Amino acid sequence: MSAPQSSKLNAQGYRHDLRGYLTGFGLAVVLTVIPFAMVAMGDTLDRATVIGVVAVLGVVQLFVHLRYFLHVDFSPEEREKVYLLAFSALLLFLMAAGTIWVLVNMNTRMMGMG
Amino acid sequence: MSGTSAIHAAPGLSYEAGHDHDHDAAGKALWGFWLFMMSDLILFGLFFATYATMLDPMSYAGGPTPRDLFELPGAAMETAVLLTSTLTFGLASLAVKYEQGRGRVLGWLGVTLALGLVFLGLEVREFAHMIAIGAVPQRSGFLSAFFGLVPLHGLHVTAGAIWLVILMVQIVGKGIDAGLTSRLARLALFWHFLDIIWIGIFSIVYLGGIV
Amino acid sequence: MTTDFWRIVFGRLDLGALDFLTAFRDPTLNEIILSGAAWAVILGGLAAVVALSRYRLWGPLWQNYLVSVDHKRIGIMYIVLAGIMLVRGVLEGVVMRGQQADGLGGGFLSANHYAQLFSTHGTIMIFFMAMPFLTGLINIVVPLQIGARDVSFPMLNSASLGLTVAGAALVMISLVVGQFSTGGWTAYPPYTDSLFQPGPGPDYWLWSVLLAGLGTTITGINFVVTILRERAPGMTLMKMPMFTWTALCTAILMVFALPPVTVSTAMLLLDRYAGFHFFTNALGGNMMNYANLFWLFGHPEVYILILPAFGVYSEIVATYSGKRLYGYGSLVVATMSIAVLSFTVWLHHFFTMGQDADMNAAFGIATMLIGVPTGVKVYDWMATMYRGRVRMTVPMVYLVSFMVLFVLGGLSGIILANPSIDFQVHNTLFLVAHFHNMLIPGLLFGMLAGYTYWFPKLFGFRLNDRWGYISAWSWVAGFVLVFFPMYVVGLMGMTRRTVAYTNPAYQPWMILSAVGGVVVTVALLSLFVQLYVSIRDREFTRDIGGDPWDARTLEWATPSPVPAYNFAVIPHVHAREAFAVAKEAGLGYQAPPAYADIHLPGDTWMGVILAVFGTAFGFGMIWYMWWLAALSFAVMAVAFIGRALRGDRAGVVIPAAQVAAEHRAWLAAVGRLAPVTREHEQDGINHGVAAPETREVAA
Ligand code: HEM
Ligand SMILES: [Cu+2]
C-alpha cells in the first residue's frame with residue numbers, strides 16, 4: 001500500500017466516521033428537543049400523551065447513543081456485547097420494574113387502609 | 001497450523017510450538033469496563049426506581065413537589081452542554097484514531113472537559129438554589145431520592161473529569177501510545193454512558209416532573 | 001480547648017468503647033464472654049505477629065503473598081481469611097446454642113449481647129467466611145482449569161482481596177472497640193436508623209459490607225473476563241469444566257447482584273450520616289424499600305454462595321466415580337437458568353410485608369420453579385455415580401451427605417415458598433433451620449470438599465484422611481443435631497433472634513441442639529488437627545505427579561505444587577475432560593515440542609494499601625474521626641491515580657531454558673514413579689501418578 005493511497009483511504013474513513021458521530025448528534029438533538037418542546041407547551045397537550053412520547057423518545061435516543069457513540073451494532077465482533085446489553089437490560093427491567101411494582105402495590109394498599 | 005496437524009489429531013490435549021499468548025490487553029480491559037458499566041447501570045437503575053416510588057404524596061411529606069422545584073430552562077441547558085460534550089469526545093476519539101496529532105486530540109479533550117465543568121457548575125448552581133429555598137434532602141423522602149440520584153450522576157461526571165485531566169497530562173507528557181489509546185477508549189465509553197444516564201434523568205426527573 | 005482537640009482526634013471514641021476492659025468493671029458471665037472475645041482477637045493478633053517475627057517470616061510473607069498477584073497465592077489468602085472467620089462464626093453459633101439451651105426464662109447472655117452475636121455471626125458467615133472461601137477456590141482453580149497463566153486483571157484481583165480484608169478487619173475490630181450492630185445480617189431499618197441505634201454498631205456493618213461488596217463486584221468482573229478471554233486454545237465454552245461454568249455464573253451474579261446491596265447500604269449510610277429519609281419512619285421515608293433492595297441482592301447472593309459448591313461437587317463426583325460427568329449439557333443449562341431465575345424470587349423473603357396476595361402467589365410459584373433446575377443437578381450427580389467406581393473419599397462423604405441433606409432442606413424451602421404457610425413460620429427458628437440446611441451442606445460442605453480435593457495441587461501433599469473423615473462425619477452429625485430440633489421448635493412457634501423464651505416445651509430441643517453444637521466444635525477442631533497432622537506427615541503423602549485422584553481436568557495435568565506460571569506450555573484442548581481423554585490415549589504426559597519465555601505480571605502493593613487504608617477509612621468513618629477517613633481516602637485515591645499514571649509494573653520473564661529444565665525434570669520424575677491403582681489412592685505409595693484403568697471418557 002503506497003502512502004498517498006492509504007491517506008486517501010484514511011480520509012474516507014475519517015469522513016465516514018465523522019458522519020456517524022454527526023448523525024448521532026443530530027438525531028439526539030431532535031429526540032431531545034421534541035420532548036422538551038412538548039413539555040414546554042404545558043397544558044395544551046394531554047399529559048398522558050406527553051409522558052408516553054417522552055418515554056418512547058427517551059428509549060429511542062438510548063438506541064441512537066448506543067449505535068452512533070458507543071458503536072454497538074449487530075456485526076459478529078459485537079455480538080458478545082449485544083448479548084451483554086440484552087442480559088443487562090433484562091436484569092435492569094426485573095429489578096427496577098420489580099421495585100416499582102412491589103412498592104407501589106404496598107403504597108396503594110396503605111392508602112386504602114389509611 | 002499446517003506443520004502440526006499430526007499433533008492436532010491427538011485426543012484430549014496437545015502441546016504446540018510457538019508463542020502461547022496473544023494477549024489482547026486493550027480488548028480485555030475494554031470488555032471489563034463494559035461489565036463495570038453494566039454493574040453501574042443496575043446501580044443507577046435502582047436509584048431511578050427508588051426515585052419513581054418516591055413520587056408519591058406520602059414521600060413528599062408536605063414538602064415541595066417536582067412541579068414546585070424543577071424548571072425547563074435549567075434542565076435544557078444542562079442537557080445541551082452534556083450532549084455537546086459527548087460529541088466533542090467523539091471528535092477527540094476520531095482524532096486519535098486517524099492520528100491527527102496531539103494538538104487536535106488535546107483540543108477536543110479540552111473542549112470536552114470545559115463542557116463537563118460547565119455542566120457541573122450548572123448542576124451545583126441548581127442544587128444551591130434548591131437548598132436555599134429549603135428543598136434539602138433532609139426535608140422529605142422524595143428530596144432524598146432526588147439528591148441520591150442526580151448528584152450520583154454528577155459525581156460520576158466529576159470522576160470522569162478528573163480522569164480526563166489525568167489522561168491529558170499523560171498525553172502532554174508521553175504522547176499517545178497504545179496504552180493511552182486504550183485508556184482513552186474506556187473513558188470515551190464512560191463519558192457516552194453518562195450521557196445515556198442523563199437521558200433517563202432529564203426524561204424521568206425533569207420532564208416527568210414538570211409535565 | 002483541649003477537649004475539642006481530642007474530640008477531633010478521636011471523634012466519638014472513648015475509653016468506654018474498649019470492650020476488653022468491661023469485664024474488669026462488671027464481671028458477669030456475659031461481660032466475661034464479651035471481653036474474652038476481645039482479648040482473643042488482641043492476643044491472637046499478637047501471637048501471629050510474634051510468630052512471624054520469631055520465625056523471620058515477614059519477608060517471605062510480604063514477598064510471596066501480600067504483594068503477589070499470583071492467583072493461587074491470592075486464593076490461599078482468601079481461604080486463610082475464610083478459615084479465621086469460620087472459627088469466629090462457628091464459635092458464635094455455638095455460644096448462641098449454649099445460651100438457648102439455658103434460655104428458659106433467662107440464660108447467661110444479655111439480650112443485647114445475643115443480638116450482637118447473631119448479627120456478627122450471620123454477617124461473618126455470609127460475607128467473610130462463605131464469600132472469601134468460594135472466591136478463594138475460584139481464584140485457585142479457574143485459571144488452572146482453563147489453562148491460563150493468570151487472571152485478566154491481576155492487580156485488580158489483589159485490590160479485591162484488599163477490600164475484602166478491610167471489611168473483615170472492621171468486623172474483627174468491632175469485637176475490641178465498640179459494639180457491632182444488633183440488626184441482624186440484614187440490618188433492616190428503621191431499627192438500624194440513627195434514631196434507634198445512634199451508636200457505631202450499624203456503621204460497622206454498613207462500612208464492612210460496602211467495602212467487601214465493592215471487592216466482590218471487582219472479582220466478578222475479573223472472572224467474567226478471565227473465563228471469556230483467557231481459555232486455552234481449543235477450549236470452547238462447552239468444553240469448559242463444570243466448576244468453571246459455575247464460577248462463570250457466580251461471577252456474572254457478582255457483577256449484577258452486588259449493586260442492589262451497594263445501593264441499599266449507601267442509602268442507609270446517607271440516612272444515618274446526613275439525615276436523608278430513604279428508609280426513616282418520618283418525612284416520607286420508606287423502609288420497605290430497604291427490604292426490597294436488600295433481597296434483590298440477597299436472593300441471588302445465596303446462589304453466588306451455592307453455585308461454586310455445585311461446581312465442586314460436579315468435579316469430585318466424576319473423579320471419584322471414575323466416570324464421565326453425567327448430563328454435562330443439562331448441568332450447564334441448569335446452572336444458567338438458576339442464575340437468571342435467582343433474580344425473580346426475592347419477594348419470598350418478605351411475604352408478610354403487606355403486598356397483595358396475588359403478588360405473593362406469583363413469587364411463590366417462581367420460587368418453586370427454581371427448585372426444578374436444582375433437582376436436575378441432583379439427578380445428574382446420582383447418575384454419574386450410578387455404576388461408577390465410587391470411592392468414599394472425604395470429599396465424597398461431603399457430597400453424599402450433601403445430596404441427602406440438601407434435598408431435605410430444599411423440601412423445607414418448597415414449604416416456605418407457599419405464602420400461606422410462610423405466614424405461620426416466618427421469623428421462627430423453622431426458617432433458621434431451613435437456611436442452615438441449605439447453606440451448611442450446600443456451601444460449607446462443598447467448600448470443605450473442594451479444599452480437600454485441591455489441597456495437594458497447591459501444596460504438593462495430600463491431607464490426612466483419618467482426621468478428614470472425623471471432621472466430615474462430625475460436621476454431618478453436628479449439623480443434624482443442631483438444626484433438626486430447630487425445625488420442631490420453629491413449628492411450635494419459637495421465634496428467631498430471641499435470647500430467651502418462656503415455653504418449657506422448647507427446652508429439651510434446645511439442649512439437644514446445644515449437644516450438636518459440641519459436635520460441630522469437634523468438627524471444626526478436627527479440621528485444624530487435620531491440617532497440623534497433614535503438614536507433620538507430609539513426607540508420606542507427597543503428590544509429585546500432580547494427579548493423586550486420577551482426575552479429569554486440566555489442572556491435574558501440571559505439577560503439584562503448581563509452578564508460578566501454571567503450565568510450562570499452554571496446552572491445546574481437544575475434548576471436554578481433556579486430561580482424562582489424554583490419559584486414556586496414553587498421552588497424559590507429553591513432552592512439548594518447544595518451550596518459550598513466559599511473561600508473568602509484576603507485584604503490586606495495591607492489595608496491601610487497600611486493606612490497610614480501607615480499614616482505616618472505615619474506622620474513621622465509624623468513629624467520626626474525619627481526618628483519618630479523609631487521609632485514608634486520599635492515600636487510596638493517590639495509589640490508584642499513581643498507578644494510572646505509571647502504568648503496570650514491569651512483569652517477570654521466566655526464560656524458556658528454565659521452564660524447559662523444570663518441566664523435563666518433572667516429566668522424568670513422573671516416568672520414574674510407580675503408577676498407583678485406585679485401591680491405593682489413600683496410601684503412602686500414591687505419589688500422584690494414576691495407573692491406567694478402564695475409564696468412561698467424554699468424546
Ligand atoms: C456451623 C455451625 C453453625 C451454627 C451452630 C449456627 C448457629 C446459628 C444460630 C444459633 C443462629 C441464630 C438463630 C437465631 O436466634 O435467630 C444463626 C443465624 C444465622 N446463621 Fe448460623 N450457624 C452455623 C453455621 C452457619 C453457616 C455456615 C452460615 C452461612 C454460610 C450461617 C449463616 C447464618 C445466618 C445468615 C444467620 C442469620 C443471622 C440473623 O438472624 O441475622 N450459619 N446461626
Ligand atoms: Cu431467597
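Note that the structure is a prediction, hence the values are computed from the model and not measured. Order of the sequence lines fixes the chain letters, A, B, ..., with proteins taken first and strands second; residue numbering starts at 1 for each chain.
In terms of non-hydrogen atom pairs under 4.5 Å with chain B, the most contact-rich of C/A578, C/G588, C/A582, C/A585 is C/A578. Ranked by non-hydrogen atom pairs under 4.5 Å with chain C, the options B/F36, B/F47, B/F147 are led by B/F47. For chain B, the option among C/A557, C/S152, C/G275 with the highest count of heavy-atom pairs below 4.5 Å is C/G275. Each of C/I221, C/N292, C/L554, C/L228 has some count of heavy-atom pairs under 4.5 Å with chain B, and the biggest count is that of C/I221.
Heavy atoms of B/M58 lying under 4.5 Å from chain C belong exclusively to its backbone. For chain B, no part of C/I252 is nearby; none of its heavy atoms comes within less than 4.5 Å. With a threshold of 4.5 angstrom between heavy atoms, C/F278 approaches chain B through its backbone and through its side chain. When heavy atoms are compared at a cutoff of 4.5 Å, C/M267 approaches chain B solely by way of its side chain, counted from C-beta outward. Interface remark: B/F33 contributes no atoms to any contact with chain C (heavy atom separation under 4.5 Å).
Using a 4.0 Å cut-off between charged side-chain N and carboxylate O, C/K239 and C/E577 make no salt bridge.
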Derivation and outcome, side chain to side chain contact (heavy atoms under 4.5 Å, CB included), residues B/L189 and B/M37: CA-CA 9 Å; B/L189 215 53; B/M37 288 197 316; 3.6 Å; yes

Step-by-step side chain to side chain contact (heavy atoms under 4.5 Å, CB included) determination, B/D177 to B/L180: CA-CA 5 Å; B/D177 57 5; B/L180 204 104; 3.3 Å; yes

Verdict with supporting geometry, B/Y15 and C/H572, ring pair (Phe, Tyr, Trp, His ring centres under 6.0 Å): CA-CA 6 Å; B/Y15 299 100; C/H572 285 232; 8.6 Å; no

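Enclosure of atom CZ in B/R125 is not indicated, since only 12 or fewer non-hydrogen atoms of other residues, nucleotides or ligands lie within 6.0 angstrom. More than 12 heavy atoms of other residues, nucleotides or ligands sit less than 6.0 Å from atom CZ of B/F127.
Checked against a 6.0 Å centroid threshold, the rings of B/F44 and B/H156 count as neighbours.
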